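If you're wondering where the values come from, they're calculated on a predicted model, not measured in any experiment.
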Amino acid sequence: IGRANCHLCDTAREVIRRVVQGTDVDWVELDVDADAELLRRYGEQVPVVLVDGAQHDFWRVDATRLRVALGLPQA
């Protein structure tokens, strides 16, 4: 969950892309500013990463922690 013109969101997006590259993990990016409920819940925490619907990380995405959460082998 992110927003436009957010440098932390840009960084998080790249971390996620690197982690899931070459795997069968699908991911979807949601715009926090396009959804009133997302904005209410996460507006001050973006970027936010959800794994299986549960909040995993916010502000900074740690590649190692994300790999573990997704059940992927360590790089």
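- In terms of heavy atoms, C9 sits closest to G2 at SG-CA, 3.7 Å.
- Not counting sequence neighbours, D62 has no partner by the salt bridge (Lys or Arg N to Asp or Glu O under 4.0 Å) test.
- Distance check: T64 OG1 to L72 CG gives 11.5 Å after rounding to the nearest 0.5 Å.
- Hydrophobic clustering of Ile, Leu, Val, Met, Phe, Trp and Tyr side chains at less than 4.5 Å, counting indirect connections, unites F58 with V28.
- Residues Y42 and L30 have side chains not in contact (no heavy-atom distance under 4.5 Å, counting atoms from C-beta outward).
- Sequence neighbours left out, the pairs with a member in residues 18-30 that pass side-chain hydrogen bond (donor to acceptor under 3.5 Å, both in side chains) are R13-E29.
- Hydrophobic clustering (ILVMFWY, side-chain heavy atoms < 4.5 Å, transitive): L50 and W59 are in one cluster.
- By the side-chain hydrogen bond (donor to acceptor under 3.5 Å, both in side chains) test, D33 is found to be paired with R3, residues two or more places apart in sequence or in another chain being considered.
- Among residue pairs with one or both ends in residues 36-54, those qualifying as salt bridge (Lys or Arg N to Asp or Glu O under 4.0 Å) are E37-R40; sequence neighbours excluded.
- For V51, the side chain to side chain contact (heavy atoms under 4.5 Å, CB included) criterion is met by V49, H56, L66, A69, L70, not counting sequence neighbours.
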